[in-house]
Amino acid sequence: MFDDQKFDVEAAAAGAWAPSRYGSDDMLGTYNEVTEQKRADALGMLDLTKPIRTYSMGDGIWPGYPAYSTREFAQKLVIAGYDPGEGFEGEIVSGTQGLGPSKLGYSEERVSYTFNMSTKINGFTHAAVDGTFYNGHQGTDLARTDGVTAMDVPSWGAPLLTRGLMIDVAAQVAATTGDVETNQAGLPRLTDQHRITVEQIEGAWERQGLPDPEPGDALCLRTGWISLSREDPERFLAGSPGPWIAENKWLASHRPALVSTDSWMWGFYDFEATEGWMSVGHQLMLVKEGIRLGESLSCEEVAAAGVDRFVFCHSPFRAKGSTSCSSPPMAIANPPGANPPEESS
């Protein structure tokens, strides 16, 4: 059922994937599956009589962060009302004397970067098949100098709150073939061009005892690759373990709100094995299925804590015309083995 058969490019470009299952005017995709009941069920996972912890799924960002193509992050400090000391090469506005009777000083930053680096969620205008985007939208209608005209991040609807499941593929491979390495935190990590298989996803699911996937879930694959963004940035960007066509079909069959990886790209980075097909998973998920993609979503905190099911929360930065969003999600869960707090006497 789930094979690596490539899609008909000409047919997809001509609109064969439109309209979507949610209608010809839809812009939400599988976010439609996150109903009020889905949110309530997700929150119902939490035992309010026991400790609750929050876990970041963001990797952070810094000047020199490893990023594809011409993407880069630049930051400059801007100060006013105080002496920054020798060697400061940022910007000083309004002088270095304290401002007003209270001698106010302040600092802020000037930032230049793309929303499509480090931890991000990709929207439907991030990928196309020969100029055709989700639900048949055409690039000629979408693209403008200052952003896209439709399906931008502000159109994503309400902040996402749903059930999150972390599928630890790296741990599954470690427990079976052993074809992994260990990162500096002692957690398993897949190797550079490892193709994740349906069998490995299903094996991880069974090994972890995860509940059956349901429409509207956030399905987060853990490869361990994100640890290389700090340990070995060049290697991080030079490779990527991940899924291929069959795995995208398997994941899409469950209609998740989103799928994510902790690598910098969705998919495995091996043009020889893919016969030159670039980011076909983006096309299948974003263009055909209406499923948003998370990249560089770190599962290291939840994995280290032994958490693999949680409340997944994401409030996007609503930049008009933007194609993707780099505000990181977080996970909320009862840590394993947590006992109720003692009542004070």
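Numbering starts at 1 and runs along the sequence shown.
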Practice item. Verify side-chain contact (heavy atoms from CB on, under 4.5 Å) between Leu77 and Phe88, making sure each step is shown before the conclusion. Key: CA-CA 9 Å; Leu77 188 66; Phe88 180 73; 3.9 Å; yes

Practice item. Might you work through the side-chain contact (heavy atoms from CB on, under 4.5 Å) test for Glu199 and Thr176, ending with a clear yes or no? Key: CA-CA 11 Å; Glu199 291 74 22; Thr176 51; over 6 Å; no

Exercise for review: Could you walk me through whether Phe7 and Val129 pass side-chain contact (heavy atoms from CB on, under 4.5 Å), step by step?
Suggested key: CA-CA 10 Å; Phe7 60 82; Val129 178; 4.1 Å; yes

**Study point:** Arg255 and Glu289: CA distance, side-chain angles, deciding distance, salt bridge (Lys or Arg N to Asp or Glu O under 4.0 Å) verdict
**Key:** CA-CA 8 Å; Arg255 304 201 308 276; Glu289 303 291 351; over 6 Å; no

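Checking Gln172 against Asp168 by side-chain atom types alone, no donor-acceptor pair falls below 3.5 Å. Using modelled atom types and a 3.5 Å distance limit, the side chains of Asn122 and Ser324 yield a donor-acceptor pair. A donor-acceptor contact closer than 3.5 angstrom is absent between the side chains of Ser263 and Tyr269. Of the N and O atoms on the side chains of Glu295 and Ser260, not one donor lies less than 3.5 Å from an acceptor on the other residue. Using modelled atom types, one finds a donor on one side chain and an acceptor on the other under 3.5 Å when comparing Glu202 with Trp250.
The pair Arg318-Asp152 does not meet the salt-bridge criterion, since no charged nitrogen lies less than 4.0 angstrom from a carboxylate oxygen. Looking at Asp59 and Arg230, a side-chain N of the basic residue comes within less than 4.0 Å of a carboxylate O on the acidic one, giving a salt bridge. With respect to Glu91 and Lys76, a salt bridge is recorded, a charged nitrogen being found less than 4.0 Å from a carboxylate O. Using a 4.0 Å cut-off between charged nitrogen and carboxylate oxygen, Arg235 and Asp192 count as a salt-bridge pair.
Linking ILVMFWY side-chain heavy atoms closer than 4.5 Å, directly or via other members, places Phe271 and Tyr68 in a single hydrophobic cluster. Under the 4.5 Å side-chain contact rule for hydrophobic residues, Met117 and Trp266 do not share a cluster. At a threshold of 4.5 Å between side-chain heavy atoms, the hydrophobic network of Ile, Leu, Val, Met, Phe, Trp and Tyr places Trp62 and Leu228 in one connected group. Neither Met151 nor Leu28 shares a network with the other; the hydrophobic side chains, linked directly or stepwise wherever heavy atoms of I, L, V, M, F, W or Y lie under 4.5 Å apart, form separate groups for each. Residues Leu210 and Met57 are members of separate hydrophobic clusters, defined by side-chain heavy-atom contacts under 4.5 angstrom among Ile, Leu, Val, Met, Phe, Trp and Tyr.
Just one residue in the list Arg309, Arg163, His254 forms a side chain to side chain donor-acceptor pair (under 3.5 Å) with Asp217, and that residue is Arg163. Considering Tyr22, Tyr134, Tyr31 in turn, Tyr134 is the only one that fulfils the ring-ring contact (aromatic ring centres under 6.0 Å, His included) rule with Phe124.
The aromatic ring centres of Phe268 and Trp225 sit 6.0 Å or more apart.
Of all the heavy atoms in Met166 and Gln208, the pair that sits closest is O-NE2, 2.8 Å. When all heavy atoms of Leu297 and Pro329 are compared, the closest pair comes out as CD2-CG, 3.7 Å. Across all their heavy atoms, Val173 and Asp179 have their closest contact at CG1-O, 3.7 Å. Residue Ser315 comes nearest to Ser327 through the heavy atom pair O-OG, 3.0 Å, listed as atom of the first residue, atom of the second, then distance. The two residues Pro66 and Phe236 have their closest heavy-atom pair at CG-CD2, 3.5 Å. Of all heavy-atom pairs between Gly239 and Trp264, the closest is O-NE1, 2.9 Å.
Atom CD of Glu231 has more than 12 heavy atoms from other residues, nucleotides or ligands within 6.0 Å. Within a 6.0 Å sphere centred on CG of Asp3, heavy atoms belonging to other residues, nucleotides or ligands number more than 12. More than 12 heavy atoms of other shown residues, nucleotides or ligands fall within 6.0 angstrom of atom NZ in Lys6. For Phe317, the CZ atom counts as loosely surrounded, since its 6.0 Å shell holds 12 or fewer non-hydrogen atoms of other residues, nucleotides or ligands. Counting non-hydrogen atoms of neighbouring residues, nucleotides and ligands closer than 6.0 angstrom, the CG atom of Asp41 exceeds 12 such neighbours.
Formation of a donor-acceptor pair under 3.5 Å by the Glu206 side chain with backbone atoms of Gly203 is not found in this model.
Under the 6.0 Å distance and 45° angle rule, Arg292 counts as a cation-pi partner of Trp156.
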